[in-house]
Amino acid sequence: AEDGTLDQIADTEFYVNEETSVQTIYVRLENDITACYITSSFLIEVRPVDFIPFQLEDFEYCVTAESDIGIPLDLTEQEPYIFATEDPSDYTVTYHLTQGEAAAGTGAFPDPTNYLNVENPQVIWVRLVNNVINCVEIGSFTVQIYLNPVFTAPEDMTPYELCDDAVADGLTGPFDLYTKEAEITADPDVNISFYASQADAETPSNPLSNTGYTNTDPYLQTIYVRIEDPATGCVVYTNFDLIVNENPTVLDVPLLTSCDPDNDGVNEFNLTDADDAITSGNPDLTVTYHETPENAISGALPLDSPYTNIDAYNQIIYVRVFDPDTGCYNTTTLELIVLDTPQIIDPEPLIGCDDNGDGVVIFDLTEVEPEIFTNYGDTWPDDYTIAYYETQEDADDGIDPIDPATAYPNIDAPSQTIYIVVEDIDNGCQKQTTLKLMINDVPAIFEPDPLELCDYNNPGDGIEEFD
């Protein structure tokens, strides 16, 4: 610089330093007219900025949204990678839409913790200023947004219900879990797997079989579902319940009986008479009756009530008890027994003569019993009882029988109907008939005039023929 000719720097615009880190540059300022000059110097310093890469790691986000634009992003999640081991307080970081804005320090995002992307994928530019040495470096990274698979949330999933099996322990199967896939998502390109816990679903580990599964928690168990998009790696979760419903409780009814009027072994049965006994009176259960066990299981061809048996005297029918709230059912059997009834004859009327005109005659009602039991010959059944009643209602209800029946004064004249009930003591079957009482008046008798004849034939013998 003092000499003015030696080692003059030729290209001052693109000078490359010759000494690392710090170098002194000397300046000569000379007056072209007087040749007077002065000298001075300054330092140039090169400081490292290689802690920030030009290209940062890209960020990928899986989000649940209708669009991949306008997604709130926290760009500051990148700063641990930007600073690495440096002290963040020594730097100022701003985020920009373009490289030019980052270089110029313009258009910085006002809130990088809640930035809404404007395209997908989108390049984010970073401007890093070293507050100590005032050096600037810029870099970039790409934000890629993937939409999560569309799925049904747990609160909108319906439970998968089965009825308990023959062992009433709340454990049953098969649960074909794959049948829930259409409800879980309509996306055919995702992978769906099932787990016994949320932790297993997130790991993922210990997947459950999607066919023929038997629950391990009695009556109620939650199944956790992992839905993964193999193209993006995005994973979402939902769950649904397995419910094992109890089958209806049924009681065994030993038999249902019916008294046969003609003793041919075939009669009508009011099957519904057994409903309450079978269900313990539960009105929420539906009871149907069937001729085969297969029909009872399927619910096909329920029998009408009253029902006429097809096997004489004794028949087994099959009962289905259905719970409409759960769709579960149970089955049992019911035995139909046809009982013989007394075979009696309708008696002829009893006629009594009213000898005093008061309309009342004392009747021995038992006089008709030989006629009633005509079908049994000379030997009347000793296991039958016979009772007489003044009204049909009393006969039906079995109250106020006439006693004694051997000396009954009628209460209606000139006729009265008596109601007769014959009952088999062993089976309780009855047969009814009626007896008509007839009260007749005694004919009126008048004193006739004497018949007189003269004794013409053999006079004196006192014998003549009278007309």
Side-chain angles (χ1 to χ4, degrees), residues 250-281 287-293 296 302-321 331-348 365-406 408 417-435:
V250 298
L251 300 179
D252 291 330
V253 179
L255 51 86
L256 193 63
T257 61
S258 178
C259 295
D260 184 6
D262 57 7
N263 290 357
D264 63 354
V266 177
N267 199 35
E268 286 188 346
F269 288 84
N270 289 318
L271 302 179
T272 55
D273 289 348
D275 287 2
D276 286 347
I278 293 172
T279 65
S280 297
V287 181
T288 54
Y289 300 87
H290 307 264
E291 287 183 343
T292 67
L303 302 176
D304 292 329
S305 182
Y307 168 73
T308 301
N309 60 302
I310 56 176
D311 297 331
Y313 287 104
N314 183 284
Q315 181 179 340
I316 299 295
I317 62 171
Y318 301 87
V319 186
R320 174 187 174 94
V321 181
T331 61
T332 186
T333 58
L334 177 64
E335 185 176 8
L336 305 182
I337 300 293
V338 178
L339 303 175
D340 285 339
T341 59
Q343 299 300 296
I344 60 176
I345 301 297
D346 296 332
E348 294 294 327
L365 304 180
T366 63
E367 291 180 2
V368 299
E369 292 182 3
E371 184 181 2
I372 290 174
F373 292 116
T374 298
N375 290 331
Y376 298 93
D378 295 335
T379 304
W380 297 357
D382 56 8
D383 54 355
Y384 287 178
T385 63
I386 185 168
Y388 303 85
Y389 300 88
E390 290 180 334
T391 68
Q392 183 67 62
E393 291 78 10
D394 288 350
D396 293 338
D397 296 337
I399 59 174
D400 297 330
I402 296 172
D403 187 22
T406 55
Y408 174 70
T417 299
I418 298 297
Y419 301 88
I420 303 174
V421 177
V422 178
E423 180 174 340
D424 187 321
I425 299 173
D426 293 334
N427 62 29
C429 289
Q430 298 179 345
K431 183 67 75 68
Q432 292 190 13
T433 187
T434 58
L435 169 64

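Not measured: the values here are computed from a predicted model.
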### Query
Side chains of D396 and Y419: closer than 4.5 Å at any heavy-atom pair?
no
### Query
Between atom CZ of R320 and atom CD1 of I278, what is the distance when rounded to the nearest 0.5 Å?
13.5 Å
### Message
Distance check, rounded to the nearest 0.5 Å: L255 atom CG versus I316 atom CD1?
### Response
9.0 Å
### Residue among T391, I402, V368, T433 satisfying side chain to side chain contact (heavy atoms under 4.5 Å, CB included) with I418
I402
### Task
Would you sort out whether I344 and N375 count as a side chain to side chain contact (heavy atoms under 4.5 Å, CB included), showing the intermediate values?
CA-CA 7 Å; I344 60 176; N375 290 331; over 6 Å; no
### Task
Rounded to the nearest 0.5 Å, what's the gap from OG on S305 to CG on L303? Could you check?
9.0 Å
Side-chain donor-acceptor pairs of residues 331-339 under 3.5 Å, sequence neighbours excluded:
{"from": "T332", "atom 1": "OG1", "to": "D252", "atom 2": "OD1", "distance (Å)": "3.0"}
{"from": "E335", "atom 1": "OE2", "to": "N314", "atom 2": "ND2", "distance (Å)": "2.4"}

### Task
Nearest 0.5 Å please: distance from the CG atom of D346 over to the CD atom of E371.
8.5 Å
#### Entry: Any Q392 side-chain heavy atom under 4.5 Å of T417 side chain
no
#### Entry: Check: N263 side chain, T341 main-chain N or O, donor-acceptor pair, under 3.5 Å
yes
### Query
So do the side chains of E390 and D400 get within less than 4.5 Å of each other, counting heavy atoms only?
no
### Task
Return the minimal non-hydrogen interatomic distance between G398 and Y389, and the atom names on each side.
CA-OH, 3.7 Å
Can you give the donor-acceptor pairs under 3.5 Å from side chains of residues 268-277 to other protein atoms, not counting sequence neighbours?
{"from": "D275", "atom 1": "OD1", "to": "Y289", "atom 2": "OH", "distance (Å)": "2.5"}

#### Entry: Any donor-acceptor N/O pair, D394 side chain to P401 backbone, under 3.5 Å
no
### Query
Can you find a pair of side-chain heavy atoms, one from H290 and one from P302, that are under 4.5 Å apart?
yes
### Query
With distance as the sole test, does D260 use its side chain to make a donor-acceptor pair with the main-chain N or O of G265 at under 3.5 Å?
yes
### Task
Say whether, by atom type as modelled, one donor and one acceptor occur between the side chain of N267 and the main chain of C259 under 3.5 angstrom.
yes
### Task
Could you grab the distance from atom CG of L435 to atom CG of L365, nearest 0.5 Å is fine?
6.5 Å
### Task
Return yes if a side-chain donor-acceptor contact under 3.5 Å exists between Y307 and E291, otherwise no.
yes
### Message
Counting C-beta onward and ignoring hydrogens, is there a side-chain heavy-atom pair between Y388 and T366 closer than 4.5 Å?
### Response
yes
### Query
Aromatic rings Y376 and Y384: how do their planes relate, parallel, tilted or perpendicular, breaks at 30° and 60°?
perpendicular
### Query
Without hydrogens or angle criteria, can the side chains of D340 and Y313 be said to hold a donor-acceptor pair below 3.5 Å?
yes
### Query
Of the non-hydrogen atoms in E423 and P342, which two are nearest, and what is the gap between them?
C-CG, 4.3 Å
### Query
When rounded to the nearest 0.5 angstrom, what is the spacing between OG1 in T385 and CD1 in I425?
5.5 Å
